[in-house]
Amino acid sequence: MVATTATALLAFAVVALALPQQHAFDADLANSPPSYIQETGGIDRYDGHEVWRINWSSLSNTSRSALHNVLETAGDVWKATPEVIDVHLPPRVAAVLPSLIPKDAQATKIVPDLQALVNLSLAHPVPGLPGAYAPQSPLADPPTDFPDGGWNVSTLDTVFHDAFQPLPAIDRFLDALVNEYPETLHTFEFGQSAEGRPLRAFSAHRADGKADAPEVLIISGQHAREWVGPASAIYFLHALLVNLRENPKGTAAKVLREFTVTVVPTLNPDGLVYSREHSRMWRKNRQDVGGLICKGVDLNTNWGYEYKPSRLACSESYSGQHPFEAPETAAMANYIVNGAKDAPRNRMPRAFIDLHSYGQLFMFPYSFSCNVFPPDAENLMEAGMGVAKAIRLIGGPGYQTGQACQSTLRFSGDASDYAYAVGQIRWSYSAELRDTGTYGFMLPPFLIRPTGIDVVAGLSALALFIYDTEIEP
Ligand SMILES: [Zn+2]
């Protein structure tokens with residue numbers, strides 16, 4: 001831990017030297033993890049915390065990188081693209097932000113009080129009062145359809161999709177889905193999280209569908225605070241099942257005839273629980289990484305392709321010391337390559353989609369570098385544009401398609417890079433779901449369904465594109 005702190009200070013000193021025109025801010029900000037990752041024993045609050053968007057498009061790559069390091073040390077970087085960087089700052093850092101950024105970068109406050117958005121993300125609809133939402137303790141369960149605590153899984157109108165649900169409720173809902181659609185859906189476990197929770201997958205395929213149908217694998221929840229990922233992955237799975245039953249000749253029926261759709265809604269269950277019960281901004285898993293204060297590996301930098309070890313255990317993008325150090329990524333990769341314990345793989349999945357938020361992006365490999373172009377780039381681009389078009393055609397918002405390295409920060413050890421390069425999954429993507437920054441990670445519950453509908457339209461279009469180009473051209 002001493003070494004980690006010394007390294008953090010050193011990194012900070014280097015950054016400060018690289019930006020001589022800015023005055024250095026309070027050194028103890030660099031000496032300890034920011035408050036949002038301190039364990040308080042209670043529930044972290046974000047009163048007066050702000051989120052700022054800094055337009056840095058006129059800065060050189062070197063200045064951008066230096067500024068990124070400053071903001072990551074002083075706050076919590078939410079998103080970075082070639083145009084802008086969004087950063088969450090505690091009040092005392094927000095107060096000195098203008099002194100931290102170069103003159104030719106413009107900063108705009110996009111969230112004035114983060115706690116208000118945290119409260120909103122936890123709210124649930126008031127039964128009998130359409131459009132009304134009630135505040136809720138993170139430790140309370142949102143309403144259910146039936147007095148016994150169950151949901152009406154035969155319809156998409158269930159109130160389950162009206163609120164962000166705690167993990168036990170998610171598990172109960174998914175079990176109810178398996179009960180309701182036993183011929184089409186089955187569940188299996190492919191490993192355990194760092195804290196011993198089961199890692200669960202849900203596979204859907206029509207009993208009268210094509211034998212040995214190619215698999216479309218969708219994972220979500222690698223980053224704990226991105227709650228809309230699991231929520232919309234579950235909505236997608238539910239919609240496929242309901243639509244298959246209601247319209248035997250529709251799109252869902254075709255998708256589930258030609259493909260096996262496997263959904264892993266919560267690859268980071270420990271992080272999801274922690275982000276609800278303790279720290280809404282939590283991103284990593286919850287494994288012990290040897291530090292005194294900081295825990296957790298950032299799952300989406302821990303995959304074993306172009307992996308780079310990290311030095312700073314407190315960093316939000318701490319990738320660990322070796323690839324697949326996190327049991328969650330190790331188990332997921334093992335499933336991708338070897339299949340399930342009782343169903344060993346005889347061929348690789350045909351498509352892989354890793355759901356994140358936010359930014360409205362549908363990105364293909366590679367993430368780690370723009371110097372390596374995937375051989376399938378044009379096809380991946382064409383299919384990605386089809387996904388964006390399908391979402392727009394049903395009245396959804398604009399999604400951008402492109403290579404991941406050009407759309408966001410470059411990250412090594414990325415899941416979709418691994419799926420493409422090692423898993424040899426031709427149709428590999430990572431998606432950033434809604435929104436573009438108004439709410440960021442704190443998407444309010446009334447946007448769960450619209451985002452779920454985006455995913456249904458987009459991923460159905462992707463499956464049909466693969467069918468049309470590769471299976472029945
Ligand atoms: Zn993410």
Side-chain angles (χ1 to χ4, degrees), residues 36-37 51 68 72 75-81 84-88 121 164 193 217-234 236 263-276 279-286 296-303 305 307 310 315-320 326 328-329 332 352-368 399-400 402-419 428-437 439-443 447-448 451 454-455 458:
Y36 55 85
I37 51 173
V51 180
H68 182 268
E72 197 174 47
D76 164 26
V77 172
W78 276 19
K79 176 176 110 145
T81 72
V84 298
I85 179 167
D86 293 353
V87 60
H88 151 215
S121 77
F164 289 105
S193 69
L217 174 61
I218 295 141
I219 72 168
S220 76
Q222 287 204 83
H223 292 146
R225 61 193 175 185
E226 299 166 9
W227 287 2
V228 79
S232 47
I234 295 166
F236 168 72
V263 178
V264 176
T266 54
L267 183 54
N268 180 9
D270 303 347
L272 186 66
V273 169
Y274 195 79
S275 76
R276 190 170 188 106
S279 188
R280 181 65 186 83
M281 299 305 139
W282 190 258
R283 167 182 161 101
K284 300 184 281 186
N285 76 352
R286 290 293 302 160
V297 170
D298 172 20
L299 296 189
N300 206 30
T301 53
N302 187 242
W303 292 70
Y305 179 71
Y307 168 83
S310 286
S315 164
E316 292 289 2
S317 51
Y318 180 68
S319 62
E328 296 87 355
T329 54
M332 195 72 255
F352 173 86
I353 303 99
D354 179 19
L355 301 178
H356 291 254
S357 73
Y358 59 100
Q360 290 167 208
L361 302 166
F362 201 74
M363 301 174 289
F364 57 86
Y366 288 102
S367 172
F368 80 96
Y399 277 69
Q400 289 182 351
Q403 207 181 356
C405 66
Q406 289 176 337
S407 310
T408 62
L409 283 185
R410 287 169 205 185
F411 277 118
S412 297
D414 171 87
S416 59
D417 281 7
Y418 177 89
S428 288
Y429 292 92
S430 60
E432 299 285 358
L433 302 174
R434 296 193 191 198
D435 57 7
T436 56
Y439 299 104
F441 301 124
M442 305 308 114
L443 213 65
L447 289 175
I448 294 172
T451 311
D454 294 350
V455 173

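Both counts, for ligands and for their atoms, begin at 1 and track the order of listing. Only heavy atoms go into these numbers, but all of them, side chains included; no hydrogens, no water, no symmetry mates. FYI, the numbering just counts along the sequence from 1.
- Using modelled atom types and a 3.5 Å distance limit, the side chains of D354 and Y418 yield no donor-acceptor pair.
- In terms of modelled atom types and a separation under 3.5 Å, the side chain of R276 and the main chain of F164 share a donor-acceptor contact.
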Evaluate the ring-ring contact (aromatic ring centres under 6.0 Å, His included) criterion for residues Y429 and F362: first the C-alpha distance (whole Å), next the side-chain angles of each, then the deciding distance (0.1 Å), finally the verdict. CA-CA 7 Å; Y429 292 92; F362 201 74; 4.5 Å; yes

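- With contacts defined as side-chain heavy-atom distances shorter than 4.5 Å, the pair R280/S121 qualifies.
- Separation of atoms CD (Q222) and NE2 (H356) is listed at 4.5 Å; rounding is to 0.5 Å.
- Around the Zn ion (ligand 1), the protein N, O or S atoms found under 2.8 Å comprise H223 ND1, E226 OE1, E226 OE2, H356 ND1.
- Looking only at side-chain heavy atoms (C-beta outward), C405 and F368 stay at 4.5 Å or farther from each other.
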